[in-house]
Amino acid sequence: MNKVWELLQEEDTVVLFDVDGTLTDYSYGTFHAHHDLDFTPEFRDVNIYADCQRLLPMYSYIKKHGTERIFCISREPHGHEAWKTEMLGRLYGIPESHCFYTLESEDKPALALQIIKDHFGDLSPKKVVCVDDNDVTLGMYMKQTEFCTAHPMLFMAHIQELLGASAEA
Ligand SMILES: [Mg+2]
């Protein structure tokens, strides 16, 4: 039986969220998930985050949990860091100082370990949940850290609970 949802409800749990496909719905293009200019040099000048919508299950969770123990770790090879950070603040209230970027997904586990060490010292790794929509990345977290992992669909599975909590707040 999976215990991660239970763990996510505990006040002192730290959550490290991926961004694209986790806190966004990844519908950047007109007829594709990717923006039409993705894979071209021109893509660097397009703010794909300007039109992003808040994902209610994730928003409700973050609102209830508070942002003190919420961080973002995102692969960002296109120079979109500032726009992505602005979106995370605007839609989810996540502070700029909690947004971290890597050029390669392979660097995410090491960055996660560093964030936890810098902010929480020797916190038990079983008080940390890494949420990512990429199963290869989830596997890297599992192999290279002792942190717990979750796919964003876990939040969808608990949508009624999350939206009910939000309506009461
Ligand atoms: Mg992703």
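Both counts, for ligands and for their atoms, begin at 1 and track the order of listing.
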Minimum side-chain heavy-atom gap Asn134-Asp18 below 4.5 Å: no
Contact check, side chains of Met140 and Glu106, non-hydrogen atoms, under 4.5 Å: yes
Arg69/Glu11 ion pair, N-O < 4.0 Å: no
Criterion side-chain contact (heavy atoms from CB on, under 4.5 Å) on Tyr49 and Glu86, from CA distance to verdict: CA-CA 8 Å; Tyr49 300 102; Glu86 186 278 327; 6.0 Å; no
Pro95 side chain reached by Thr67 side chain, heavy atoms, under 4.5 Å: yes
Atom pair OG1/CZ of Thr24 and Arg54 - distance to nearest 0.5 Å: 14.5 Å
Closer than 2.8 Å to the Mg ion (ligand 1) - protein N, O or S atoms, ordered by chain and residue number: Asp18 OD2, Asp20 O, Asp133 OD1
